[in-house]
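Quick note: residue numbers are just sequence positions, from 1. Order of appearance sets the numbers: ligands from 1, and atoms from 1 within every ligand. Computed from a predicted model, the values in this text were never measured in an experiment.
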Amino acid sequence: MSLIEFPNRRLLMRRRFLQLSGLSSLGLLLNGCGGRFFEEVVGKTFEPLNQSVEQLLLNTQKPVPEFAKSAIEPDALIINTFDFTPKIDSAKFRLIVEGDINNPLSLSMADIQQMPHTSMTIRHVCVEGWAAIVQWGGLQLRDIIALAKPKQNVRYVYFQSADGYYESWDIASALHPQTLMAYEKNGQPLPIENGAPLRLAAPIKLGYKQSKWVTRIFLAENFLPIKGYWEDQGYEWFAGL
Ligand SMILES: Nc1nc2c(c(=O)[nH]1)N[C@H]1C(S)=C(S)[C@@H](COP(=O)(O)O)O[C@H]1N2
Ligand SMILES: [Mo]
């Protein structure tokens with residue numbers, strides 16, 4: 001089974017390859033004890049993780065209060081890119097959605113822009129000690145996930161980016177009404193350095209959870225031993241605000 005494919009080999013140190021090669025035997029171990037494995041890797045289980053996708057899709061979570069548009073701080077959002085800025089041809093771009101779902105997707109930007117548009121003015125918080133009030137426009141990730149028809153035990157969402165960045169989120173946070181796949185920033189098309197054509201944006205998680213240049217979304221019933229670019233170097237996985 002293909003899990004997360006990494007286009008950027010430089011990202012994967014030898015250690016990580018060794019961990020990944022153990023994945024098939026881990027998969028066997030996971031059958032029936034996914035929860036315990038999760039607790040060993042991440043620590044205690046959070047309450048939202050116990051809610052099913054179905055419940056989370058039916059009941060919208062409470063939104064975080066937003067800021068007035070006049071509060072936007074256009075210069076405060078610092079470009080934070082761990083390696084390089086990938087140039088993506090948005091005409092050829094496809095967002096791939098796969099994993100434990102019944103309706104795999106390959107969406108063009110035209111498909112994505114036809115879906116219901118929303119915007120929010122929220123605070124972006126980077127763990128490195130800066131923050132910025134930003135307006136993001138795009139679509140709710142929950143609309144994409146609903147379209148993909150997730151299997152009922154899906155609990156994690158993996159995001160792969162064109163620069164080799166990768167992230168994983170709990171399903172409850174991914175289905176939060178203010179978790180967007182954004183293609184606009186402060187009322188303008190999303191700049192390339194901020195993640196065009198498509199990036200994650202949400203007021204409920206630290207900046208490093210908000211992947212830029214997302215090309216592939218993988219929904220999973222089991223937690224994989226790959227957490228995220230920063231998390232695999234010791235940063236916290238849940239990273240809630
Ligand atoms: N693909 C990708 N996404 C990423 C990063 C990155 O290096 N690559 N950096 C993260 C970090 S640490 C932060 S704070 C935000 C910064 O977003 P910005 O560069 O648009 O300000 O992007 C996040 N998403
Ligand atoms: Mo960050």
Side-chain angles (χ1 to χ4, degrees), residues 4-13 16 64 67 71-90 93-97 107 109 112 119-139 141 144 156-170 173-174 176 178-218 224 226-241:
I4 301 278
E5 284 156 25
F6 295 85
N8 186 345
R9 279 188 298 126
R10 277 187 300 154
L11 252 184
L12 288 179
M13 295 154 285
R16 203 123 290 282
V64 172
F67 294 86
I72 295 172
E73 300 165 313
D75 301 323
L77 186 73
I78 297 169
I79 304 296
N80 205 351
T81 300
F82 85 100
D83 192 354
F84 68 101
T85 299
K87 304 275 184 298
I88 300 172
D89 180 350
S90 56
F93 172 83
R94 290 288 182 285
L95 176 69
I96 303 298
V97 186
L107 303 171
M109 279 314 289
I112 285 164
S119 85
M120 63 183 182
T121 305
I122 56 116
R123 178 177 275 129
H124 177 100
V125 181
C126 176
V127 75
E128 288 169 337
W130 56 270
I133 296 174
V134 192
Q135 184 193 29
W136 301 110
L139 73 163
L141 177 57
I144 297 178
Y156 309 102
V157 188
Y158 290 80
F159 301 91
Q160 191 183 322
S161 297
D163 61 340
Y165 201 78
Y166 56 101
E167 261 305 335
S168 58
W169 286 45
D170 59 287
S173 299
H176 189 279
Q178 289 156 307
T179 297
L180 307 190
M181 294 309 300
Y183 50 82
E184 293 163 350
K185 184 190 90 173
N186 299 337
Q188 299 294 322
L190 186 65
I192 291 175
E193 54 284 9
N194 296 114
L198 208 56
R199 71 168 293 160
L200 268 166
I204 57 167
K205 296 260 187 213
L206 280 168
Y208 63 81
K209 300 302 287 186
Q210 303 182 28
S211 298
K212 306 191 279 189
W213 311 292
V214 174
T215 55
R216 186 163 171 255
I217 299 177
F218 187 96
L224 311 183
I226 317 152
K227 290 184 270 184
Y229 179 77
W230 290 112
E231 292 88 331
D232 289 341
Q233 298 173 54
Y235 283 77
E236 198 214 339
W237 176 70
F238 195 78
L241 285 181

A.B. asks: Check whether any N or O atom of N80, backbone or side chain, sits under 3.5 Å from an N or O atom of ligand 1, and answer yes or no.
C.D. replies: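 The answer is yes, given that N80 and ligand 1 share an N or O pair closer than 3.5 Å.
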A.B. asks: Ligand 1 versus R199, non-hydrogen atoms closer than 4.0 Å: side chain, backbone, both, neither?
C.D. replies: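 Side chain only.
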A.B. asks: Under the side chain to side chain contact (heavy atoms under 4.5 Å, CB included) rule, what do F159 and L141 come out as? Steps first, then yes or no, please.
C.D. replies: CA-CA 12 Å; F159 301 91; L141 177 57; 3.7 Å; yes
A.B. asks: Cation-pi check, K205 to F238: give yes when NZ or CZ is under 6.0 Å from the six-membered ring centre and within 45° of the ring axis, no otherwise.
C.D. replies: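 Relative to the ring axis of F238, which defines the angle, K205 lies inside both limits.
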A.B. asks: Under a 4.5 Å cut-off applied to non-hydrogen side-chain atoms, are L190 and R199 in contact?
C.D. replies: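 Yes, at least one pair of side-chain atoms sits under 4.5 Å.
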A.B. asks: Atom 24 (N) of ligand 1: which protein heavy atom is closest, and how many Å away?
C.D. replies: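 Result: Q210 O, 2.9 Å.
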A.B. asks: With a 4.5 Å limit on heavy-atom distance, are the side chains of W213 and Y165 in contact?
C.D. replies: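 No, side chains not in contact.
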A.B. asks: Looking at side-chain heavy atoms only, is the closest gap between L77 and K185 below 4.5 Å?
C.D. replies: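 Side-chain contact under 4.5 Å: yes.
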A.B. asks: Which of the atoms of ligand 1 are close to S161, meaning less than 4.0 Å from one of its heavy atoms?
C.D. replies: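 So the atoms of ligand 1 that pass are 1 (N).
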A.B. asks: Looking at side-chain heavy atoms only, is the closest gap between N80 and C126 below 4.5 Å?
C.D. replies: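 In contact.
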A.B. asks: Look at atom 7 (O) of ligand 1 and say which protein heavy atom is nearest, naming residue and atom and giving the distance to 0.1 Å.
C.D. replies: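 I find the closest protein heavy atom is F82 N, 2.7 Å.
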A.B. asks: Under 3.5 Å, N or O to N or O, is L77 touching ligand 1 that way?
C.D. replies: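 No - when backbone and side-chain N and O of L77 are compared with those of ligand 1, no distance drops under 3.5 Å.
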A.B. asks: Record the part of K212 in heavy-atom contact with ligand 1 below 4.0 Å; permitted values are side chain, backbone, both and neither.
C.D. replies: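 For K212, backbone and side-chain atoms both sit under 4.0 Å from ligand 1.
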A.B. asks: If the cut-off is 4.0 Å to any non-hydrogen atom of C126, which atoms of ligand 1 fall inside it?
C.D. replies: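 What qualifies from ligand 1 is 14 (S).
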A.B. asks: Would you mind telling me if ligand 1 is within reach of the side chain of W213, the backbone, both or neither, using heavy atoms under 4.0 Å?
C.D. replies: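 The answer is the side chain of W213.
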A.B. asks: For atom 21 (O) of ligand 1, state which one of T81, N194, I78, L190 supplies the nearest heavy atom.
C.D. replies: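 The option holding the nearest heavy atom is I78.
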A.B. asks: Below 4.5 Å, heavy atoms only, C-beta onward: do I72 and P74 meet side chain to side chain?
C.D. replies: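 SC-SC contact between I72 and P74 confirmed.
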A.B. asks: Give the residue and atom name of whichever protein heavy atom lies nearest to atom 10 (C) of ligand 1, and the separation in Å to one decimal.
C.D. replies: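 Answer, as residue, atom name and distance: Y165 OH, 3.6 Å.
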A.B. asks: Taking 4.0 Å as the limit for heavy-atom contacts, which would you say applies to Y208 with ligand 1: side chain only, backbone only, both, or neither?
C.D. replies: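 Both backbone and side chain of Y208 come within 4.0 Å of ligand 1.
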A.B. asks: Could you tell me, atom by atom, which parts of ligand 1 come under 4.0 Å of a heavy atom of S211?
C.D. replies: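 Heavy-atom distances to S211 below 4.0 Å select 3 (N), 24 (N).
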A.B. asks: Tell me the protein heavy atom at minimum distance from atom 14 (S) of ligand 1, and give that distance in Å.
C.D. replies: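 For atom 14 (S) of ligand 1, the nearest protein heavy atom comes out as H124 NE2, 3.3 Å.
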A.B. asks: I would like to know whether K212 and E167 meet salt bridge (charged side-chain N to carboxylate O under 4.0 Å, His left out); could you show each step before the answer?
C.D. replies: CA-CA 10 Å; K212 306 191 279 189; E167 261 305 335; over 6 Å; no
A.B. asks: Contact between ligand 1 and G195 is defined here as a heavy atom of the residue under 4.0 Å from a ligand atom; is it met?
C.D. replies: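 No; G195 lies far enough from ligand 1 that no heavy-atom distance drops under 4.0 Å.
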A.B. asks: Looking only at heavy atoms of K185, does any of them come nearer than 4.0 Å to an atom of ligand 1?
C.D. replies: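 K185 does not count as a contact of ligand 1 under the 4.0 Å cut-off.
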A.B. asks: Note the single closest protein heavy atom to atom 13 (C) of ligand 1, along with its residue, its atom name and the distance in Å.
C.D. replies: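 That would be G207 O, 3.6 Å.
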A.B. asks: Give me the residue, atom name and distance of the protein heavy atom closest to atom 1 (N) of ligand 1.
C.D. replies: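 Here the closest protein heavy atom is D163 OD1, 2.9 Å.
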A.B. asks: When you compare the side chain of K209 with that of E231, does any pair of heavy atoms fall below 4.5 Å?
C.D. replies: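 A side-chain contact exists here, since the closest heavy-atom pair is under 4.5 Å.
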A.B. asks: Heavy-atom distance under 4.5 Å between the side chains of V64 and L241, does that happen here?
C.D. replies: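 No, side chains not in contact.
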A.B. asks: Have a look at N194 and tell me which of T81, N186, I79 forms a side chain to side chain contact (heavy atoms under 4.5 Å, CB included) with it.
C.D. replies: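 Of the listed residues T81, N186, I79, the side chain to side chain contact (heavy atoms under 4.5 Å, CB included) partner of N194 is I79.
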